[in-house]
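Because only heavy atoms are used, hydrogens play no part in the values below, and waters and symmetry mates are left out as well, while side chains stay in.
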Amino acid sequence: MAGEMADNVILVGFMGAGKSSVGRILAARLGRCFVETDEMITAAEGRPIPEIFAEKGEAHFRALEDEVVRLLGLKRGDVIATGGGLPCRDGRLEALRAIGTVVWLSGDFEALYERALRGGDRPMLSGKTREQAEALYEARRPFYAKADLAVDTTGLNPDQVAARAAAALAERLTTPPHPALSPSGGEGSSD
Ligand code: S3P
């Protein structure tokens with residue numbers, strides 16, 4: 001599978017899931033480089049994300065994410081933290097799975113929302129009520145749910161989440177394909 005050859009680990013999830021902090025710790029644990037899609041965008045645009053939203057709007061930001069997804073195809077062996085909305089369009093999660101193992105940092109909406117509000121300027125939350133933010137979360141869940149693995153972050157700190165993600169990734173690598181899927185013993189993969 002192409003994703004296994006590119007061997008990246010891609011973190012997805014709602015704002016406040018801790019993708020950046022967990023990604024940094026996970027990269028250090030695995031001895032990999034760490035990449036953030038939001039950093040790629042701010043570097044390319046030369047200004048912070050709230051300014052991009054304010055001056056050019058969300059549609060422009062999403063078009064920049066398209067280009068980022070294309071560039072991610074060049075990455076090998078990295079840990080990649082994505083912006084909360086990046087996988088939430090048709091075909092995006094599939095494109096990410098083609099370049100590595102996608103890990104959803106999930107959690108209770110309440111906990112994610114609290115963390116996201118504490119964690120700085122987020123244009124997708126500003127001017128939104130709690131109910132509107134929850135509706136956004138619900139609309140996004142089916143996209144995140146297409147990830148290869150999920151780690152529930154509720155009640156855990158970033159070190160603990162990174163440890164669980166590392167364990168889930170190791171288990172995925174060492175678990176042989178189910179015999180029923182691999183009658184010849186060689187080509188079994190349900191993916
Ligand atoms: C966004 C999430 C942000 C950032 C941008 C849009 C979103 O990243 O990409 O503000 O649509 O959820 P975080 O998930 O790191 O906050």
Side-chain angles (χ1 to χ4, degrees), residues 1-43 49 61-62 64-89 91-109 111-116 118-120 122 124-125 136-137 140-173 191:
M1 186 177 108
E4 280 162 17
M5 280 157 60
D7 194 29
N8 300 292
V9 174
I10 302 134
L11 303 181
V12 302
F14 199 64
M15 294 168 275
K19 300 176 295 286
S20 305
S21 357
V22 171
R24 220 166 261 120
I25 297 166
L26 186 61
R29 280 183 79 114
L30 301 175
R32 311 270 194 110
C33 291
F34 177 59
V35 176
E36 278 192 273
T37 59
D38 283 350
E39 284 288 322
M40 292 169 74
I41 290 174
T42 50
I49 286 174
F61 179 77
R62 300 301 170 199
L64 296 172
E65 286 187 326
D66 276 331
E67 173 63 6
V68 162
V69 171
R70 200 184 62 75
L71 291 173
L72 289 182
L74 304 171
K75 304 283 182 199
R76 296 290 179 272
D78 291 348
V79 174
I80 301 166
T82 59
L86 183 139
C88 304
R89 314 184 92 186
R92 283 274 180 84
L93 211 295
E94 291 75 7
L96 296 178
R97 287 187 69 190
I99 59 152
T101 303
V102 180
V103 183
W104 174 24
L105 301 189
S106 66
D108 291 342
F109 169 73
L112 299 172
Y113 185 58
E114 289 307 315
R115 255 191 256 144
R118 265 188 274 125
R122 288 190 156 97
M124 289 304 290
L125 294 180
L136 179 65
Y137 170 71
R140 286 178 170 186
R141 269 173 58 99
F143 291 95
Y144 302 141
K146 290 193 245 172
D148 297 293
L149 299 170
V151 176
D152 188 346
T153 66
T154 311
L156 302 181
N157 67 35
D159 278 313
Q160 294 168 317
V161 176
R164 289 201 185 182
L169 287 162
E171 191 184 344
R172 186 178 156 87
L173 277 180
D191 291 337

Do side-chain atoms of Asp148 reach the backbone of Val102 as a donor and acceptor pair under 3.5 angstrom? yes
When you measure from the side chain of Ser106 to the backbone N and O of Ala150, does any donor-acceptor pair fall under 3.5 Å? no
From CG (Leu72) to OG1 (Thr37), nearest 0.5 Å: 7.0 Å
Apply side chain to side chain donor-acceptor pair (under 3.5 Å) to Glu94 and list each qualifying residue two or more places apart in sequence or on a separate chain. Lys146
For the student: nearest non-hydrogen atoms of Val12 and Lys19, plus distance: C-CD, 3.7 Å
For the side chain of Asn8 and the backbone of Ile99, is there at least one donor-acceptor N/O pair under 3.5 Å apart? yes
All ring-ring contact (aromatic ring centres under 6.0 Å, His included) counterparts of Phe61, not counting sequence neighbours: Phe53
Heavy atoms, side chains only, cut-off 4.5 Å: are Phe34 and Asp78 in contact? no
Could you tell me the separation between the CZ atom of Arg89 and the CG atom of Asp66, rounded to the nearest 0.5 Å? 6.0 Å
So which heavy atom on Arg122 is nearest to which on Ala116, and how close? NH1-O, 3.0 Å
Would you say that more than 12 heavy atoms from the other residues, nucleotides or ligands in this model lie under 6.0 Å from the CZ of Arg164, or not? no
Go through the structure and list residues passing ring-ring contact (aromatic ring centres under 6.0 Å, His included) with Tyr113, not counting sequence neighbours. Phe109
Any side-chain heavy atom of Arg140 within less than 4.5 Å of one from Met15? yes
Under 3.5 Å donor-acceptor, Asn157 side chain and Asp159 backbone: yes
What donor-acceptor contacts under 3.5 angstrom involve side-chain atoms of residues 22-33, with partners at least two apart or in another chain?
residue	atom	partner	partner atom	Å
Arg24	NH2	Glu36	OE1	3.2
Arg32	NH1	Asp7	O	2.9
Arg32	NH1	Gly77	O	3.1

Could you go step by step and tell me if Val35 and Val79 meet the side chain to side chain contact (heavy atoms under 4.5 Å, CB included) rule? CA-CA 6 Å; Val35 176; Val79 174; over 6 Å; no
Nearest 0.5 Å please: distance from the CG atom of Asp38 over to the OG atom of Ser20. 7.0 Å
On a heavy-atom basis, the closest approach of Gly13 and Trp104 is CA-CD1, 3.9 Å
Looking at every heavy atom in both Gly84 and Tyr144, which two are closest together, and how far apart are they? O-OH, 2.5 Å
Under the side chain to side chain contact (heavy atoms under 4.5 Å, CB included) test, which residues partner Thr154, sequence neighbours left out? Asp108, Asp152
Between Thr82 and Leu11, is there a donor-acceptor pair closer than 3.5 Å when you use the side chain of the first and the backbone of the second? yes
Sorted by chain and residue number, the side chain to side chain contact (heavy atoms under 4.5 Å, CB included) partners of Arg70 (sequence neighbours excluded) come out as Glu67
Which pair of non-hydrogen atoms, one from Arg62 and one from Arg92, has the smallest distance, and what is that distance? O-NH2, 3.4 Å
Return the CG to CD1 distance between Leu96 and Ile10, rounded to the nearest 0.5 Å. 5.5 Å
Here the pair of heavy atoms bringing Ala17 nearest to Leu105 is CB-O, 3.4 Å
